[in-house]
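For ligands, and for the atoms within them, numbers begin at 1 and follow the listed sequence.
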Amino acid sequence: MRVSLMQLAVDDAEAPEDRWTRVVKLVEAERETGAELVVLPELWVTGGFDYKSWTGHAEPIADSQPIAALEKVRTHDGSGPEMWLHFGSYVERTPEGILYNTAVFRGPDGKQAQYRKIHRFGFSEGEVTLMGPGKDIVTVSSPWGTLGLATCYDLRFPELFRRLLNQGMEHMVMCSAWPAKRIEHWRVLLKARAIENQVFVFATNCVGTNGGVALGGRSAVIDPWGNVVAEAGTGEEVLRVDVDPALVAQTRSALPVLNDRRLR
Ligand SMILES: O=C(O)CCC(=O)C(=O)O
């Protein structure tokens, strides 16, 4: 399973339109590496902290130009081979005018999965005041096993990952805009989620400064044993790894802790 995590710079100095046209080219280049699963970060078009830009950029997922452009890359303009692509997340506007932080995923089966971030970050500002909370947990079937989707702040809520596990999660795919200031929390919690659920973790973060907040990078792939397979630095980069998805079943069989859960 060949995975590319696109750790993108989401700087205040770059206009969202410039950023997405730049990133489409980066994803296009990634095709050449034979990547099978490509993962973009959270709110990488507008930025996770430039709250004032969200409303102006909010739109239905079906109308998003970056998603449409990436979809062409994903399918190689319809002439394949197709990649599995986590498009990152976007400021979605529903017909009722509600905003959500919505992650979009699509694979060669053509079925699009959308995950509206359940845990909103910001306490008394940002997502909490501008966006609605997602309600549904989302898993995706893939040739490598069941993928569970989560976004950034969700990482702090282990009960979400137990629910994903109950739905068969074998690999956790996360998009984030996690600040540098709390990057050690990110590193520890990614490992914890991998160990406690015995899953591969594929987690893509942003770098740069957005809304005045320095983003921490350190995108990572963690195996189901909790080993860091690869970790990015703090600049823009693509983290490429080849992993064996069979390690999930092997780990669960070698250390069958999930059988000892007491659900009542
Ligand atoms: O929990 C954190 O420290 C960061 C979360 C965050 O930045 C987000 O969810 O956008």
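- Looking at E127 against ligand 1, only its side chain comes within 4.0 Å, counting heavy atoms.
- If you look at A177 next to ligand 1, the close heavy atoms, those under 4.0 Å, all belong to the backbone.
- Of all protein heavy atoms, the one lying nearest to atom 6 (C) of ligand 1 is C152 SG, 3.3 Å.
- Ring geometry for F157 versus H119: interplanar angle under 30°, hence parallel rather than tilted (30 to 60°).
- Considering only heavy atoms from C-beta on, Y115 comes within 4.5 Å of D154 through its side chain.
- The distance criterion of under 3.5 Å between nitrogen or oxygen atoms is not met by F121 with respect to ligand 1.
- Applying the 4.0 Å criterion to heavy atoms of P179 picks out, from ligand 1, the atoms 4 (C), 7 (O).
- In F157, neither the side chain nor the backbone holds a heavy atom less than 4.0 Å from any atom of ligand 1.
- At the top of the distance list for atom 9 (O) of ligand 1, counting protein heavy atoms only, stands K117 NZ, 2.7 Å.
- Y51 places no side-chain N or O within donor-acceptor distance of the main-chain N or O of G48, the cut-off being under 3.5 Å.
- Nearest to atom 3 (O) of ligand 1 among the protein's heavy atoms is R182 NE, 2.5 Å.
- Side-chain contact check for H86 and R106: no donor-acceptor pair (N or O, by modelled atom type) lies under 3.5 Å.
- Counting only N and O atoms by type, the side chains of N101 and S89 include a donor and acceptor under 3.5 Å apart.
- In terms of protein heavy atoms, atom 1 (O) of ligand 1 is closest to R156 NE, 2.6 Å.
- Residue contacts with ligand 1, taken as heavy atom pairs separated by less than 4.0 Å, do not involve H185 at all.
- Listed by number with element, the atoms of ligand 1 under 4.0 angstrom from any heavy atom of F49 are 7 (O).
- Between F105 and W84, the two ring planes are tilted [angle within 30° to 60°].
- Within the structure, the closest approach of R120 to ligand 1 does not fall below 4.0 Å when heavy atoms are considered.
- Counting only N and O atoms by type, the side chains of E42 and T151 include no donor and acceptor under 3.5 Å apart.
- In this structure, E196 does not pair ionically with R162, as no charged nitrogen and carboxylate oxygen lie closer than 4.0 Å.
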